[in-house]
There are 2 protein chains.
Amino acid sequence: MSVVRLASARAAAPKPAANTNAKPDWLDTIIKGDCVAALDALPEKSIDVIFADPPYNLQLEGDLHRPDQSKVDAVDDHWDQFESFQAYDAFTRAWLLAARRVLKPNGTIWVIGSYHNIFRVGASLQDIGFWILNDVIWRKTNPMPNFRGRRFQNAHETMIWASRDQNAKGYTFNYEALKASNDDLQMRSDWLFPICNGGERLKKDNGDKVHPTQKPEALLARILMSSTKPGDVVLDPFFGSGTTGAVAKRLGRHFVGIEREQAYIDAAAARIEAVEPVDAATLKLVTSKRAEPRVAFLTLVESGLLQPGAVLTDARKRWEATVQADGSLAHGGEQASIHRMGAKVQGLDACNGWTFWHFESGSGLEPIDALRAEIRKGIAAAGA
Amino acid sequence: MSVVRLASARAAAPKPAANTNAKPDWLDTIIKGDCVAALDALPEKSIDVIFADPPYNLQLEGDLHRPDQSKVDAVDDHWDQFESFQAYDAFTRAWLLAARRVLKPNGTIWVIGSYHNIFRVGASLQDIGFWILNDVIWRKTNPMPNFRGRRFQNAHETMIWASRDQNAKGYTFNYEALKASNDDLQMRSDWLFPICNGGERLKKDNGDKVHPTQKPEALLARILMSSTKPGDVVLDPFFGSGTTGAVAKRLGRHFVGIEREQAYIDAAAARIEAVEPVDAATLKLVTSKRAEPRVAFLTLVESGLLQPGAVLTDARKRWEATVQADGSLAHGGEQASIHRMGAKVQGLDACNGWTFWHFESGSGLEPIDALRAEIRKGIAAAGA
DNA sequence: AGACGACCTGAATCTTGGA
DNA sequence: ATCCAAGATTCAGGTCGTC
């Protein structure tokens with residue numbers, strides 16, 4: 001991979017190839033311009049894989065503050081604003097159609113989104129004729145909490161992986177490599193990665209983030225390692241901070257980026273320039289750092305290992321409490337978590353409820369941690 | 001909850017309620033018939049939560065309402081596919097509209113699906129006016145492997161949780177109970193459960209499974225514990241083997257099922273009949289602070305817990321303010337509520353005065369929230 | 001040097017009730 | 001319907017300064 005050249009959409013127009021071995025001038029460049037116009041200027045059937053991170057169409061009303069009153073830096077950029085679902089659908093269809101034209105017959109496309117937009121994207125993909133191969137969940141190790149306690153913590157994003165046509169069977173999927181890298185188990189459709197922060201996150205001189213939604217390189221690495229081969233051409237029509245380009249170069253794939261904002265282009269070009277390609281064979285897939293999967297006490301109740309109404313005691317039977325259907329413990333007219341209730345009855349500040357509370361098993365008193373261990377045995381196969 | 005009575009859609013038609021305390025005759029029954037017709041026969045705004053597991057195979061041509069009944073000949077694959085999606089969308093819109101009519105204004109709906117149908121369902125939900133609150137991922141501990149090795153192992157299903165309208169803020173979400181049951185961490189949008197097999201899986205005499213897609217009770221238990229209260233009415237328009245009804249009965253919720261196939265109805269009715277409801281006392285949810293009675297700061301002064309002229313400080317004694325006889329705080333020549341004054345001294349927009357301001361008790365600095373708790377204890381004793 | 005703690009931040013459709 | 005005020009609410013992890 002050579003230097004990153006920047007070209008306008010016009011300059012990137014396809015030329016009659018006098019020498020078919022010549023590298024197209026749009027390869028390994030960032031094209032500045034509107035994504036549909038730029039796609040239309042590329043030759044058809046020239047791209048192996050498309051990764052797209054389109055605007056999510058978040059519909060934010062007021063400001064959101066954390067409990068400490070600090071303000072959440074929201075994604076309120078103009079490019080994420082659409083008038084209606086209809087307008088968003090029109091935008092989606094337009095770029096998906098343009099993307100499909102440049103995709104090779106056996107090429108595949110990845111699109112990432114959240115519940116705000118992913119259902120519309122998925123339906124448009126199907127309407128246009130793409131064939132969904134998988135939806136893949138990016139589980140975040142460190143998602144932003146829900147600050148007002150009115151919903152579940154939004155802890156994942158959804159990716160759709162689709163082939164160009166229902167009958168395109170020749171797409172690239174490195175099944176064996178993925179399996180070998182995953183303890184000889186098939187790679188599942190739920191992946192666990194941290195969000196992009198720390199040293200990987202691009203910052204301006206003033207410390208502000210360069211791009212509001214920079215994706216982690218580990219996520220792109222798994223995508224490219226699973227569905228491309230070395231030398232393939234990867235296109236990203238919403239290039240942003242250039243994660244796709246950086247990972248493609250590192251893994252020996254070619255890239256094409258399309259981006260409207262000059263500031264993003266500049267940052268991405270400098271970033272990619274600094275990337276050292278590695279031998280793909282040496283790339284290790286990121287695996288979970290977490291030792292033991294977290295198990296909710298509620299899961300023990302839901303799974304029937306403990307019935308609501310069951311009585312738990314401490315090891316010396318000095319205190320007891322009743323298991324509630326909601327996964328709390330009741331004692332003396334009050335309800336709290338296993339930990340809080342353990343602390344409360346002892347008059348302490350904190351307590352590990354898993355080891356404090358016991359249940360009567362066939363062979364005597366056992367800590368509820370034994371039941372957690374059973375659950376964990378069942379879920380070991382699912383990964384952390 | 002009484003016996004499971006079976007009623008036809010016609011028999012379930014709403015009747016003028018002579019006695020508003022009478023239990024509707026469709027409650028805790030399985031209605032046999034087409035889902036849209038049966039929904040249309042129920043009274044509007046009568047359901048608290050809907051759980052729906054709609055079919056997604058497209059071989060239901062006869063059951064789906066095609067916009068154009070005429071046969072299209074010589075269709076190519078692409079057109080045929082488009083027609084199929086269109087038919088599925090029409091079916092989806094029809095039952096979602098009927099479902100929305102019977103939902104209470106603050107009711108919510110859960111729909112589960114896979115990548116085959118969930119994008120269409122999600123887009124239809126949004127188009128109709130439902131407001132998505134979360135998408136929740138059911139991660140399977142033991143999913144079926146991908147036998148051909150051509151895709152990722154399909155290890156999850158997607159659920160969409162939505163309110164009836166964008167502005168319906170009063171929906172039930174048992175945030176505190178979920179948090180208490182999850183190691184005191186808020187519940188995430190990715191849930192881990194085994195698929196339904198073993199003793200829970202309904203089998204025919206010949207060993208065949210009764211229903212192809214029986215959902216695990218643990219999954220429904222989490223759904224109902226998170227978004228319903230005891231006594232709520234839960235409707236399942238694709239009742240199948242009756243998991244929704246069985247879990248609702250066990251957890252002290254009412255159910256309504258709609259199902260076309262007599263074999264499923266028979267199996268579900270027998271299954272639900274055998275369910276033992278858990279003890280009502282164990283169904284009590286961890287209380288949220290929002291649900292507790294409001295106490296005016298003035299009450300603390302009136303009741304003598306705080307004297308006018310008493311000095312309050314923050315936890316680190318950086319600021320102080322004087323209690324006024326009218327229940328305000330004075331500081332720097334100004335008077336304001338405990339909240340406004342807390343915000344003012346810190347230079348913030350908002351502040352919870354109950355936890356910010358402290359008083360000197362015998363055993364050190366305590367938040368005035370402790371005094372509010374005392375008042376509330378008195379209110380509870382009086383039988384609020 | 002290393003431990004500790006205060007502080008900051010991330011794709012967010014994030015309150016409720018009474019006048 | 002709108003307006004206003006009460007008051008409820010966060011997890012993982014990185015950075016940086018202090019001891």
Side-chain angles (χ1 to χ4, degrees), chain A residues 53-77 79-82 85 88 112-118 138 140-158 194-201 203 207-209 211-216 238 240 289-290 294, chain B residues 126 130-135 162-163 166-171 173 175-176 179 182-189 288-298 316 327 336-340 342-343 349-357 368-369 372:
Chain A
D53 182 11
Y56 283 12
N57 190 26
L58 299 185
Q59 292 161 45
L60 308 174
E61 298 200 319
D63 288 342
L64 179 64
H65 293 88
R66 299 184 181 82
D68 64 4
Q69 303 304 327
S70 63
K71 186 166 170 287
V72 173
D73 182 17
V75 179
D76 51 7
D77 305 71
W79 46 256
D80 200 48
Q81 314 289 324
F82 291 84
F85 285 131
Y88 188 79
I112 186 168
S114 66
Y115 66 84
H116 311 87
N117 71 322
I118 198 66
W138 169 27
K140 303 179 183 183
T141 58
N142 48 352
M144 195 185 302
N146 182 291
F147 295 115
R148 312 305 291 265
R150 295 297 293 140
R151 305 179 178 199
F152 298 97
Q153 182 183 28
N154 204 356
H156 73 275
E157 293 190 28
T158 300
I195 61 176
C196 179
N197 56 14
E200 187 184 323
R201 188 89 195 207
K203 299 279 173 60
D208 289 353
K209 52 197 175 193
H211 193 278
T213 69
Q214 184 179 341
K215 295 290 175 288
F238 306 98
K289 286 187 288 190
R290 277 263 291 286
R294 191 183 300 282
Chain B
Q126 291 178 313
F130 286 102
W131 191 248
I132 298 182
L133 298 168
N134 279 112
D135 57 338
S163 61
Q166 175 173 1
N167 298 319
K169 306 287 189 186
Y171 58 86
F173 180 56
Y175 174 79
E176 295 80 7
K179 185 173 171 177
N182 189 40
D183 278 5
D184 291 320
L185 292 173
Q186 56 182 212
M187 190 65 79
R188 293 169 50 111
S189 57
S288 77
K289 245 182 173 173
R290 287 190 182 97
E292 299 200 36
R294 290 205 170 199
V295 174
F297 180 65
L298 179 58
R316 290 205 264 163
S337 73
I338 53 172
H339 312 297
R340 297 306 324 147
D349 284 339
C351 167
N352 183 340
W354 290 109
T355 51
F356 178 74
W357 293 110
I368 57 176
D369 207 22
R372 180 170 64 164

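The figures that follow rest on heavy atoms only: side chains count, while hydrogens, waters and symmetry mates do not. A, B, ... follow the sequence lines: proteins, then strands. Residue 1 opens every chain. No experiment lies behind these values; they were computed from the predicted model shown.
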*A:Phe147/A:Asp68 under side chain to side chain contact (heavy atoms under 4.5 Å, CB included): CA gap, chis, key distance, verdict*: CA-CA 10 Å; A:Phe147 295 115; A:Asp68 64 4; over 6 Å; no
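B:Tyr175 has a side-chain polar atom (N or O) that falls below the 4.0 Å cut-off from OP1 or OP2 of D:dT10. Between A:Lys209 and the phosphate of C:dG10, there is a side-chain N or O to OP1/OP2 separation shorter than 4.0 Å. Taking 4.0 angstrom as the limit, A:Asn142 places none of its side-chain polar atoms (N or O) nearer than this to OP1 or OP2 of D:dG13.
Atom CE of A:Met144 and atom C1' of D:dA12 are 12 Å apart (whole Å). Rounded to whole Å, atom P of C:dT15 lies 12 Å from atom CH2 of B:Trp131. Taking atom CZ of residue A:Phe147 and atom P of nucleotide D:dT10, one finds them 10 Å apart after rounding to whole Å. In this structure, B:Asn167 places its CG atom 14 Å from C1' of C:dC14, rounding to the nearest Å. When the P atom of D:dT9 is taken as reference, atom NE2 of B:His339 falls 13 Å away, rounded to whole Å. In this structure, CD of A:Gln153 is placed 14 Å from C1' of C:dA11, rounded to the nearest angstrom. Atom pair A:His116:NE2 and C:dA11:P shows a separation of 13 Å (rounding to whole Å applied). As rounded to whole Å, 12 Å separates atom P of D:dC11 from atom CE of B:Met187.
Nearest to the side-chain atoms of B:Ser337 among the listed nucleotides D:dA6, D:dA12, C:dC14 stands D:dA6. Listed nucleotides: C:dA11, C:dT16, C:dG10. Nearest to the side chain of A:Tyr56: C:dA11. Considering only the side chain of A:Leu58, C:dA11 comes nearest among C:dT16, D:dT10, C:dA11. Comparing atom distances between the A:Thr213 side chain and each of D:dA8, C:dA11, D:dA12 picks out C:dA11 as nearest. Distances from the side chain of B:Lys169 to the nucleotides D:dT9, C:dC14, D:dG7 place C:dC14 closest. When distances are taken from the side chain of A:Arg201 to each of D:dT9, C:dG10, D:dA6, the shortest belongs to C:dG10. Taking every side-chain heavy atom of A:Asp53 into account, C:dA11 is the closest of C:dC7, D:dG14, C:dA11. The side chain of A:Arg148 lies closest to C:dC14, out of D:dT10, C:dC14, C:dG10. Of the listed nucleotides (C:dA12, C:dT15, D:dA6), D:dA6 has the atom at the smallest distance from the side chain of B:Arg294. Listed nucleotides C:dC14, D:dG7, D:dC11 differ in distance to A:Asn146; the shortest reach to its side chain belongs to C:dC14.
Remark: the separation of the P atoms in C:dG10 and D:dT9 is 25 Å, to the nearest Å. Taking atom P on both nucleotides, C:dA1 is separated from D:dG17 by 16 Å, rounded to a whole Å. C:dC8 and D:dT10 are spaced 13 Å apart, taking the C1' atom of each and rounding to whole Å.
Judged by distance alone, the side chain of A:Gln214 and the main-chain N or O of A:Glu200 form a donor-acceptor pair under 3.5 Å. A donor-acceptor contact shorter than 3.5 Å is absent between the side chain of A:Arg294 and the backbone of B:Asn182. A donor-acceptor contact shorter than 3.5 Å links the side chain of B:Trp357 to the backbone of B:Ile338. Judged by distance alone, the side chain of B:Arg188 and the main-chain N or O of A:His156 form no donor-acceptor pair under 3.5 Å.
Atom CD1 in B:Ile132 sits 12.0 Å away from atom CD in B:Gln166 (nearest 0.5 Å).
Counting any heavy atom pair closer than 4.0 Å across all strands shown, B:Arg188 reaches no nucleic acid atom. The residue A:Pro216 sits apart from the nucleic acid: no heavy atom pair falls under 4.0 Å. As judged by a 4.0 angstrom heavy-atom cut-off over every strand, A:Glu61 is placed among residues making no nucleic acid contact. A:Gly62 comes within 4.0 angstrom of a nucleotide base, judged by non-hydrogen atoms across all strands. Within the nucleic acid shown, B:Leu133 has no heavy atom closer than 4.0 Å to any nucleic acid atom. Within 4.0 Å of A:Asp80, counting heavy atoms only, lies at least one base atom of the nucleic acid.
In DNA chain D, runs of at least 3 stacked Watson-Crick or G-U pairs (N1-N3 plus N6-O4 or O6-N4, or N1-O2 plus O6-N3, all under 3.5 Å) give these stems: C:2-10 with D:11-19, C:15-19 with D:2-6.
The base of D:dT9 is paired with the side chain of A:Gln69 by a donor and an acceptor separated by under 3.5 Å. If you check distances only, the side chain of A:Arg66 does reach the base of C:dG10 with a donor-acceptor pair under 3.5 Å.
Both tests do not hold together for A:Arg151 against B:Tyr171: distance to the six-membered ring centre under 6.0 Å, angle to the ring axis within 45°.
Residue order along DNA chain C, read from the 5' end via each residue's closest nucleotide, puts A:Arg151 first among B:Arg290 and A:Arg151. Position along DNA chain D of the nearest nucleotide to A:Gly198 versus A:His65 favours A:His65 as the more 5'-ward residue. Summary of the strand contacts: A:Gly149 and A:Lys215 both lie near DNA chain C, and taking for each the nucleotide with the nearest heavy atom, the more 5' one is attributed to A:Lys215.
At a cut-off of 3.5 Å, with distance as the only test, a side-chain donor of A:Glu157 or A:Tyr56 sits close to an acceptor on the other residue. A side-chain N or O of A:His116 and one of A:Ser114 form a donor-acceptor pair less than 3.5 Å apart.
Within a 6.0 Å radius of CG in B:Asp349, no more than 12 heavy atoms belonging to other residues, nucleotides or ligands are found.
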